[in-house]
Amino acid sequence: MLRISAFRLLGRTGASRLSLLEDFSLRHYSSDPLGVQDDTRDARAYFTTPIFYVNAAPHIGHLYSAVLADALCRYHRLRVPSAAATRFSTGTDEHGLKIQQAAAAAGLAPSELCDRVSAQFQQLFREADISSTDFIRTTEARHRMAVQHFWGVLKARGLLYKGLYEGWYCASDECFLPEAKVTRQPGPSGDLCPVSLESGHPVSWTKEENYIFRLSQFREPLQRWLRGDPQAITPEPFHHAVLQWLEEELPDLSVSRRSSHLHWGIPVPGDDSQTIYVWLDALVNYLTVIGYPNAEFKSWWPTTSHIIGKDILKFHAVYWPALLLGAGMSPPHRIYVHSHWTVCGQKMSKSLGNVVDPRTCLDRYTVDGFRYFLLRQGVPNWDCDYYGEKVVKLLDSELAFALGGLLNRCTANRINPSGTYPAFCTTCFPRSRHAGSAAMAHGPSRPAACGSLPDRGTNPHPLHRQADSQPLRHQGSSQVVFY
RNA sequence: GGCGGCGUAGCUCAGCUGGUCAGAGCGGGGAUCUCAUAAGUCCCAGGUCGGAGGUUCGAGUCCUCCCGCCGCCA
């Protein structure tokens with residue numbers, strides 16, 4: 001879809017904004033992978049990525065979420081150009097036992113660790129040209145206030161109660177587990193130790209008093225919400241998956257932990273012995289950003305679209321809507337779910353050593369190139385596979401040869417001696433923060449602007465590299481490339 | 001074991017709500033251009049739409065059974 005629309009944009013002379021938007025609305029691209037049929041057209045829209053846990057450096061899955069959200073956001077801006085109509089939030093999730101433990105291991109205060117890793121995410125998103133309007137960190141004061149207020153609302157509505165929880169608890173995963181999800185493995189001393197069936201992390205029998213959220217009460221309202229809005233969660237298989245979860249028993253949710261064990265978080269209002277469960281804490285960020293609990297947030301909620309990975313579907317499609325209903329609010333307008341990227345057919349993992357550094361990709365394939373690849377080759381419904389050759393071939397074929405070839409022909413002196421070009425529509429191509437973006441080039445200045453682009457010198461296949469092991473070379477040459 | 005999702009050209013995927021008896025990109029084969037970055041343009045081959053039944057005037061699309069993969073529950 002991007003190719004076609006880019007083609008059309010380039011081909012048009014003096015395209016007005018209105019006719020352009022009309023054109024878009026008239027076209028029927030059934031290949032649109034996200035099923036974006038924005039039925040709240042001309043309304044303001046608020047897009048969010050998940051907030052990313054700062055226990056590790058960002059990977060391409062994080063970037064993929066951000067790029068998807070960015071694309072949706074930019075698309076909405078094209079439809080509704082007013083600066084006040086679109087809002088896009090991303091950020092970092094900075095509370096939790098893992099952060100607490102990782103910081104201790106590194107000899108840092110948790111806040112120092114958070115500052116470092118959050119900065120990495122911010123840097124990545126800047127480099128990737130993610131046009132978010134907000135970046136939130138759950139350690140901010142406004143967030144603490146929002147969460148505590150939200151808690152107070154739930155409490156006032158009788159949806160929280162103190163309960164004694166007894167069961168297996170996994171500190172690493174920060175969750176309680178039913179017996180069925182626990183297995184035994186040989187421990188260091190040879191005896192069998194209980195571990196999580198999923199993660200393999202140790203679990204221990206825990207008996208403690210926590211605050212419990214009456215999640216079970218929302219099983220039917222959640223079902224009604226989803227059945228009443230088949231588009232609430234897309235793609236459709238994920239909608240089905242959530243409905244299936246709701247066919248089963250939905251037990252109440254423990255939403256706090258002992259402060260003596262977990263102190264890096266937000267204390268329960270009026271009870272310092274308990275810390276608010278990190279997922280409740282994290283999910284409220286979506287409200288914090290838009291001003292909750294001040295009344296202003298209502299102008300952005302619920303016209304909200306969450307872009308999430310499938311691994312956190314349950315939190316966003318079951319717990320979060322239930323919490324919102326409990327607090328007297330509507331669930332989000334849309335939840336767009338994407339799958340994961342594998343690398344050469346294998347899941348990324350540190351132990352395999354195949355984690356792909358997104359900043360390396362942005363450098364190697366250019367920012368727009370890698371963004372294009374993620375959007376063009378990504379299929380939300382399925383896990384998609386990344387390998388260097390695939391990226392290179394796609395960019396060569398579609399950007400360099402097809403689109404780039406068109407540009408070069410149009411700008412060649414033999415073909416266009418007067419150097420006359422249509423002006424770029426600035427609505428469609430807002431000034432990029434990246435120097436050298438071809439979109440900046442218009443009119444006679446194009447050659448000069450494009451001259452700053454990486455060129456291919458004498459190498460006929462500049463992006464053809466063996467298994468993304470060699471970086472693109474920049475050579476001094478008068479020839480330019482569209483990227 | 002129960003429930004749910006998925007299975008479309010060599011590869012990656014569109015094909016939503018039954019109706020030009022299936023398309024795109026890549027890959028493959030052929031032709032052509034030499035203007036522009038040794039690239040472009042055009043044409044072609046390639047599909048038991050997992051298998052078998054059924055409903056229907058008509059099914060990739062609906063129903064049943066079977067096979068395979070994935071997920072949830074037990």
Side-chain angles (χ1 to χ4, degrees), chain A residues 1-4 6-7 10 28-37 39 177-183 197-198 223 226 230-231 233-251 309-314 317-318 337 339-342 344-345 347 372-387 389-417 419 421 438 446-447 450-451 453-464 472 474-475 477-483:
Chain A
M1 174 177 141
L2 181 63
R3 176 172 69 120
I4 293 168
F7 228 96
L10 284 174
H28 297 288
Y29 291 107
S30 56
S31 63
D32 193 334
L34 291 178
V36 178
Q37 298 293 328
D39 47 2
L177 295 173
E179 178 72 41
K181 296 206 177 196
V182 172
T183 187
L197 194 55
E198 284 180 355
Q223 285 176 323
L226 289 175
Q231 297 279 339
I233 302 173
T234 57
E236 189 178 359
F238 294 110
H239 192 277
H240 286 328
V242 178
L243 275 174
Q244 195 194 359
W245 281 334
L246 295 174
E247 287 301 314
E248 296 157 11
E249 183 192 357
L250 192 61
K310 67 181 185 181
D311 54 312
I312 52 177
L313 176 60
K314 193 165 209 175
V318 178
V337 190
S339 297
H340 297 155
W341 284 90
T342 56
C344 303
K347 287 187 178 182
Y372 182 79
F373 168 76
L374 291 175
L375 291 170
R376 179 74 172 91
Q377 283 289 310
V379 179
N381 220 8
W382 316 111
D383 288 354
C384 298
D385 196 42
Y386 160 90
Y387 53 94
E389 188 186 17
K390 189 174 187 179
V391 185
V392 165
K393 284 193 172 185
L394 177 78
L395 300 189
D396 271 350
S397 169
E398 297 188 7
L399 295 191
F401 297 166
L403 201 55
L406 174 63
L407 176 67
N408 281 280
R409 283 179 147 187
C410 293
T411 57
N413 283 333
R414 290 277 298 273
I415 298 175
N416 188 357
Y421 314 93
R446 187 212 68 86
C450 290
L453 300 177
D455 65 77
R456 295 194 282 170
T458 56
N459 191 325
H461 303 294
L463 290 179
H464 274 43
L472 271 174
H474 297 242
Q475 295 179 350
S477 170
S478 62
Q479 292 174 325
V480 299
V481 60
F482 185 90
Y483 72 122

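Below, chains carry the letters A, B, ... as their sequence lines are ordered, and counting in each starts from 1. Atoms considered below: every heavy atom in the structure, side chains included; atoms not considered: hydrogens, waters and symmetry mates.
A straight line from CG of A:Leu395 to C1' of B:A39 spans 16 Å, rounded to a whole angstrom. For A:Trp341 and B:U12, the CH2 to P distance is 13 Å, given to the nearest whole Å. Regarding A:Tyr386, its OH atom lies at a distance of 17 Å from the C1' atom of B:U12, rounded to whole Å. One interatomic measurement links the two molecules: CG of A:Leu226 to P of B:G4, which rounds to 17 Å at whole-angstrom precision. For A:Glu236 and B:G5, the CD to C1' distance is 10 Å, given to the nearest whole Å. With rounding to whole Å, A:Phe238 atom CZ is found 13 Å from B:G4 atom C1'. At whole-Å resolution of the value, CG in A:Leu375 and P in B:C13 are 16 Å apart. Rounded to whole Å, atom P of B:U12 lies 19 Å from atom CG of A:Leu374.
Taking a pair to require two hydrogen-bonding distances under 3.5 Å in either a Watson-Crick or a G-U wobble arrangement, B:C26 pairs with B:G10. Using Watson-Crick or G-U wobble geometry with both donor-acceptor distances under 3.5 Å, B:G1 finds its partner in B:C73. Across every strand in view, B:G53 sits in a pair with B:C63 that passes the Watson-Crick or G-U test at under 3.5 angstrom. Pair assignment for B:U32: B:G40, on the basis of Watson-Crick or G-U wobble contacts that are both within less than 3.5 Å.
Nearest heavy-atom pair across A:Val337 and A:Pro235 is O-CD, 3.3 Å. For the pair A:Ile415 and A:Arg409, the tightest heavy-atom approach, listed with the atom from each and the gap, is CD1-O, 3.2 Å. Considering every non-hydrogen atom in both A:Asn381 and A:Pro237, the closest pair reads OD1-CG, 3.4 Å.
Comparing A:Arg414 and A:Trp382 by the nucleotide of RNA chain B that holds the closest heavy atom to each, the one mapping nearer the 5' end is A:Trp382.
Taking atom C1' on both nucleotides, B:G47 is separated from B:C42 by 24 Å, rounded to a whole Å. As rounded to the nearest Å, B:G27 and B:U34 have P atoms that lie 24 Å from one another. Across the C1' atoms, B:A59 and B:U17 are found 14 Å apart, a figure rounded to whole Å. Look at the P atom in both B:G46 and B:A22: the space between them is 13 Å, to the nearest Å. Here the separation of B:G23 from B:G54, taken at their C1' atoms, is 28 Å to the nearest Å. The same atom, P, is picked in B:U12 and in B:U55; the two are 36 Å apart, to the nearest Å. The separation of B:C44 from B:G4, taken at their C1' atoms, amounts to 43 Å, rounded to a whole angstrom. On the P atoms, B:G7 is 11 Å away from B:U61, given to the nearest whole Å.
Looking only at atom types and distance, the side chain of A:Glu236 has a donor-acceptor partner in the side chain of A:His240 under 3.5 Å away.
Salt-bridge check for A:Asp383 with A:Lys347: failed, with every basic side-chain N at 4.0 Å or more from each acidic carboxylate O.
Among A:Phe373, A:Tyr387, A:Tyr386, the single residue meeting the ring-ring contact (aromatic ring centres under 6.0 Å, His included) criterion with A:Trp341 is A:Phe373. A side chain to side chain contact (heavy atoms under 4.5 Å, CB included) with A:Gln223 is found for one member of A:Leu250, A:Leu246, A:Val242 and no other, namely A:Leu246.
Nearest to the side-chain atoms of A:Ile415 among the listed nucleotides B:G40, B:A36, B:U12 stands B:A36. Comparing atom distances between the A:Val379 side chain and each of B:G4, B:A36, B:C13 picks out B:C13 as nearest.
Counting any heavy atom pair closer than 4.0 Å across all strands shown, A:Asp383 reaches sugar-phosphate atoms only and no base atom.
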Quick one: which protein N/O atoms are closer than 3.5 Å to N/O atoms of nucleotides 26-33 of chain B? Pair and distance per line, please.
{"from": "B:C26", "atom 1": "OP1", "to": "A:Ser397", "atom 2": "OG", "distance (Å)": "3.2"}

## Note on the structure
Per-nucleotide protein contact along nucleotides 68-74 of chain B, 5' to 3', at a 4.0 Å heavy-atom cut-off (B base, S sugar-phosphate only, - neither), is ---BSSS
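With contacts defined as side-chain heavy-atom distances shorter than 4.5 Å, the pair A:Ser339/A:Phe238 qualifies.
Looking only at distances, no side-chain donor or acceptor of A:His340 sits under 3.5 Å from a matching main-chain atom of A:Gly309.
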